[in-house]
Amino acid sequence: MTLQQEIVGNAMQMAVVNLRPGQTVYCEAGKFLFKTTNVTMETRLSAPSGNGNGNGSGEGGGGGMGGLLRQAMGTAMQVGQRALAGESLAFQYFTSQGGEGTVGFAGVLPGEMRALELDGTRAWFAEKDAFVAAESTVDFGIAFAGGRTGMSGGEGFILEKFTGHGTVIIAGAGNFIDLDPADFGGRIEVDTGCVVAFEEGIQYGVQRIGGLNRQGLMNAVFGGEGLSLATLEGNGRVILQSLTIESLANALKKAQGGDKQGPTGGLFSTHVG
């Protein structure tokens, strides 16, 4: 059964989740807004195993000392991956006790939220920090994509990966648009900061904008896009956002009177500290 949730608001949306008795939902630390008093809250370093018990252990709690050691090593590996990816190290778990309960969550940027339904056949990948909350039957992991060029692509190199069954809620900046590359000849190219999420089966990559020639340098220097674009190929659902974190940061710097991109765009951006 999917998570009973409602996404409310406009410029800064929130997800209001109704929990059945005993049902557990978890979120990344910092995404919690409110809860009813019969909903318990617990902070853990481990993510759920996707088996629905919410204990974050792939061993189901058994195996004696060996099971505890494997669980500890698995948790340490998860924490290490999240630290490498720059993600929050902890998750907050919410369980309804003695009846139905309500919990509210939100992202950290002004923009939309989306509830994705996983049926176990396809994973979903999302940009770093897109994750808000999910059922304990959804497994959260870190994936690396884009190869060597992904390192220069910034946002797209490190991705969040969701598998299992149930509902996962993600958030982004600005407004969302849903696309399928198959409707556009099988391939689309986008700003690396505009990718929010995509289904498994979509091939993600990062490519250089043009060659090291006059037009390629013009695109990079004066186009404001830097040297790379994200590429998405295949047949499946892709979610893009209209606002990038970089453009939001530049707008805030401008409002504060700081130096921004200037006439030459993103490649030669300056910052007066």
Side-chain angles (χ1 to χ4, degrees), residues 26-31 46-50 74 77-91 107-109 111-135 138-164 166-174 176-181 187-208 226-246:
Y26 69 102
C27 74
E28 189 176 47
K31 305 293 178 69
S46 58
S49 62
M77 184 175 295
Q78 290 177 16
V79 172
Q81 284 184 330
R82 294 200 299 272
L84 180 63
E87 298 277 0
S88 170
L89 299 184
F91 294 98
V108 295
L109 294 171
E112 286 196 46
M113 302 181 73
R114 187 68 55 85
L116 307 175
E117 302 297 336
L118 277 65
D119 61 6
T121 61
R122 273 191 174 189
W124 270 89
F125 297 88
E127 67 164 345
K128 189 174 65 173
D129 296 327
F131 172 68
V132 176
E135 290 182 83
V138 173
D139 200 7
F140 176 98
I142 300 294
F144 299 90
R148 292 181 179 179
T149 54
M151 295 182 182
S152 64
E155 297 91 337
F157 180 58
I158 298 173
L159 300 169
E160 299 172 334
K161 182 179 181 179
F162 309 104
T163 55
T167 306
V168 58
I169 301 172
I170 60 173
F176 285 174
I177 182 172
D178 290 69
L179 299 175
D180 186 337
R187 176 187 174 103
I188 56 175
E189 300 173 350
V190 302
D191 184 301
T192 55
C194 288
V195 179
V196 179
F198 55 90
E199 284 184 300
E200 185 177 23
I202 294 292
Q203 296 180 15
Y204 175 89
V206 180
Q207 71 171 23
R208 191 185 306 274
L227 294 172
S228 302
L229 284 176
T231 61
L232 298 158
E233 300 180 75
N235 185 357
R237 188 174 166 195
V238 172
I239 302 175
L240 305 179
Q241 61 188 7
S242 62
L243 178 66
T244 68
I245 296 177
E246 181 182 7

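By convention here, the first residue in the shown sequence is residue 1.
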Name all residues meeting the side-chain hydrogen bond (donor to acceptor under 3.5 Å, both in side chains) criterion together with Asn235; count only those two or more places apart in sequence or in a different chain, and write none if there are none.
->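 By the side-chain hydrogen bond (donor to acceptor under 3.5 Å, both in side chains) rule, Asn235 matches no residue at all.
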
Could you list the residues that satisfy side-chain hydrogen bond (donor to acceptor under 3.5 Å, both in side chains) with Glu200, not counting sequence neighbours?
->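 Scan of Glu200 (side-chain hydrogen bond (donor to acceptor under 3.5 Å, both in side chains), adjacent residues dropped) gives none.
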
With sequence neighbours excluded, what pairs up with Lys31 under the salt bridge (charged side-chain N to carboxylate O under 4.0 Å, His left out) test?
->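 With sequence neighbours excluded, Lys31 shows a salt bridge (charged side-chain N to carboxylate O under 4.0 Å, His left out) to Glu28, given in chain and number order.
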
Listed by chain and number, what are the salt bridge (charged side-chain N to carboxylate O under 4.0 Å, His left out) partners of Glu189, not counting sequence neighbours?
->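 Expected list: Arg187.
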
Distance-minimising heavy-atom pair for [X] and [Y]:
X	Y	answer
Gly107	Ala171	CA-CB, 4.0 Å
Ala143	Lys161	CB-CB, 4.3 Å
Val132	Cys27	O-CB, 3.0 Å
Ile170	Ala197	CD1-CB, 3.8 Å

So how far is it from Gln241 CD to Leu109 CG, rounded to the nearest 0.5 Å?
->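 With rounding to 0.5 Å, CD (Gln241) is 8.0 Å from CG (Leu109).
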
Do Glu117 and Thr167 meet the criterion of a side-chain donor-acceptor pair at a distance under 3.5 Å?
->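 On atom types as modelled, these side chains qualify, holding a pair under 3.5 Å.
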
Could Asp178 and Arg237 be called an ion pair, given the rule that one side-chain N must be under 4.0 Å from one carboxylate O?
->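 Result for this pair is yes, salt bridge flagged.
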
Mind checking what makes side chain to side chain contact (heavy atoms under 4.5 Å, CB included) contact with [X], not counting sequence neighbours?
X	value
Leu179	Ile177, Phe184, Ile188, Leu240
Ile202	Pro181, Phe198, Leu232, Val238
Ala230	Val190, Thr192, Val195, Tyr204

Where the side chain of Glu160 meets the backbone of Asp129, is there a donor-acceptor pair that is under 3.5 Å apart?
->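 Yes.
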
Main-chain N/O of Thr163 paired with Asp139 side-chain donor or acceptor, under 3.5 Å |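 It does not hold such a pair.
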
Apply side-chain contact (heavy atoms from CB on, under 4.5 Å) to Met113 and Ile169, showing your working.
-> CA-CA 7 Å; Met113 302 181 73; Ile169 301 172; 3.6 Å; yes

[X] side chain near [Y] side chain, heavy-atom distance below 4.5 Å:
X	Y	value
Trp124	Ile239	yes
Val206	Thr231	no
Arg114	Phe176	yes

Would the Phe140 and Tyr26 ring centres measure less than 6.0 Å apart?
->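 For Phe140 and Tyr26, the ring centres are not under 6.0 Å apart.
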
Centroid separation Phe162 to Phe131 less than 6.0 Å =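 Ring-ring flag for Phe162/Phe131: true, centres closer than 6.0 Å.
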
